[in-house]
Structure formats: structure tokens, C-alpha cells
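In what follows, a structure is listed as C-alpha cells, so that the remarks can point back to it.
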Amino acid sequence: MADAEKSSNSKYRVALASSDGESVNIHYGKCNLFYIYAIDDDVGYDLIEKRSVTSVCQDGSHVKSAMEESVKQFLDCKYVVASRIGPGAAQALTSEGIISMELPGSIDDAILKVWKYNRVQGLFD
């Protein structure tokens, strides 16, 4: 039983907001392209998809229904990472069980931070 739980906890997907595929450099609500990575905590990570989405930020505000639709595009992801994530988006992601993180910088560094966070969280499961 513990191995099955470990397996499901150690393999997951992360969506990263990036304009160039090199760095996390876009606000969640303004991003229209997310890089989706599959992570296996024991093996490594691979880019599996570039996912086009409709940005939901409109001059600093958003429509609740649009935000809910935006979040549905990430239901296969455990984490969503952006340079900035507003409180409305963070709450909408959390309500679907998705962990949001503000980690501006290189994609490699962001994935390393997510990996470390996930490993620590696994200690409490």
C-alpha cells in the first residue's frame, strides 16, 4: 500500500507560465501558453506539452466564470507555477486541489523548487 501511495505522490504534472520556454516570466492571468512538464521525483522531468490557453486577466480584474474555466485547463496538473498569481486565481486553483506557486526565474530552478516542496510534503502524507 505504501508503495502505491509513494508512486502516485512521486509522479505528477506541473504547468509553468513562460513566454520563451526558458524562464517562468508571466503572470498567471496574462499567460496564454503554459509549458507542461511530467515529473517523476525519482527519475527526473520531461516537457510533454505546450498548452495554449485563453488569458483571463483584463486590466487587473477577471470574470469569475472565466477564471473557473481557466483553472479547468489544469486539472491534470498538481502544480501551476507563474511569476505572479493573484489571490483570485490562487483560490480558484486551490479549490480544485491544484497548488499554485510564484517562482519567477528559470524553469529548471522552478522545477527544482517544486520537486523539493513535493518531497517535503510527501513526508506528511
| message | Please determine whether residues L16 and I26 belong to a single hydrophobic cluster, defined as Ile, Leu, Val, Met, Phe, Trp and Tyr linked transitively by side-chain heavy-atom distances below 4.5 Å. | response |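 Hydrophobic grouping puts L16 apart from I26.
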| Do L75 and V56 sit in the same hydrophobic cluster, where Ile, Leu, Val, Met, Phe, Trp and Tyr count as joined when their side-chain heavy atoms come under 4.5 Å apart? | yes
| message | Tell me which one of W115, Y35, Y37 satisfies ring-ring contact (aromatic ring centres under 6.0 Å, His included) with Y45. | response |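 For Y45, the ring-ring contact (aromatic ring centres under 6.0 Å, His included) check succeeds only for Y37.
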Considering all heavy atoms, the nearest [X]-[Y] contact:
X: L47; Y: I36; result: CD1-O, 3.4 Å
X: A38; Y: I48; result: CB-CG2, 3.9 Å
X: S100; Y: L93; result: CB-CD1, 3.7 Å

Could you check whether any side-chain heavy atom of [X] comes within less than 4.5 Å of a side-chain heavy atom of [Y], counting everything from C-beta outward?
X: Y28; Y: S70; result: yes
X: V81; Y: V114; result: yes
X: L33; Y: V53; result: no
X: V71; Y: I98; result: yes

| request: Could you walk me through whether F74 and F34 pass the ring-ring contact (aromatic ring centres under 6.0 Å, His included) test, one step at a time? | output: CA-CA 10 Å; F74 302 106; F34 283 81; 4.7 Å; yes
| query | Y12 and D76: side-chain donor and acceptor closer than 3.5 Å? | reply |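 No, D76 and Y12 have no side-chain donor paired with an acceptor closer than 3.5 Å.
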Measure the spacing between [atom1] of [X] and [atom2] of [Y] and express it to the nearest 0.5 Å.
X: H27; Y: S55; atom1: NE2; atom2: OG; answer: 11.0 Å
X: I111; Y: I39; atom1: CD1; atom2: CD1; answer: 5.0 Å
X: K72; Y: E96; atom1: NZ; atom2: CD; answer: 7.5 Å

| said: Could you walk me through whether D109 and L103 satisfy the side-chain contact (heavy atoms from CB on, under 4.5 Å) test, starting with their C-alpha distance in whole Å, then the side-chain angles of each, then the deciding distance to 0.1 Å, before giving a yes or no? | reply: CA-CA 8 Å; D109 286 346; L103 298 172; over 6 Å; no
Are any side-chain N or O atoms of [X] and backbone N or O atoms of [Y], one a donor and one an acceptor, separated by less than 3.5 Å?
X: S18; Y: S23; result: yes
X: R51; Y: Q73; result: yes
X: E102; Y: I85; result: yes

| field | Step-by-step side-chain contact (heavy atoms from CB on, under 4.5 Å) determination, N118 to Y79 | value | CA-CA 10 Å; N118 195 66; Y79 298 94; 2.7 Å; yes
| message | Going by side-chain hydrogen bond (donor to acceptor under 3.5 Å, both in side chains), N25 matches just one of S19, S83, S106. Which one? | response |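 Going through the options one by one, the only one that passes is S19.
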| request: Start with the C-alpha distance between R119 and D42, add both sets of side-chain angles, then the distance that settles salt bridge (Lys or Arg N to Asp or Glu O under 4.0 Å), and finish with yes or no. | output: CA-CA 10 Å; R119 297 288 287 205; D42 300 321; 3.1 Å; yes
| said: Between R13 and D46 (salt bridge meaning N to carboxylate O under 4.0 Å), is one present in this structure? | reply: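 No.
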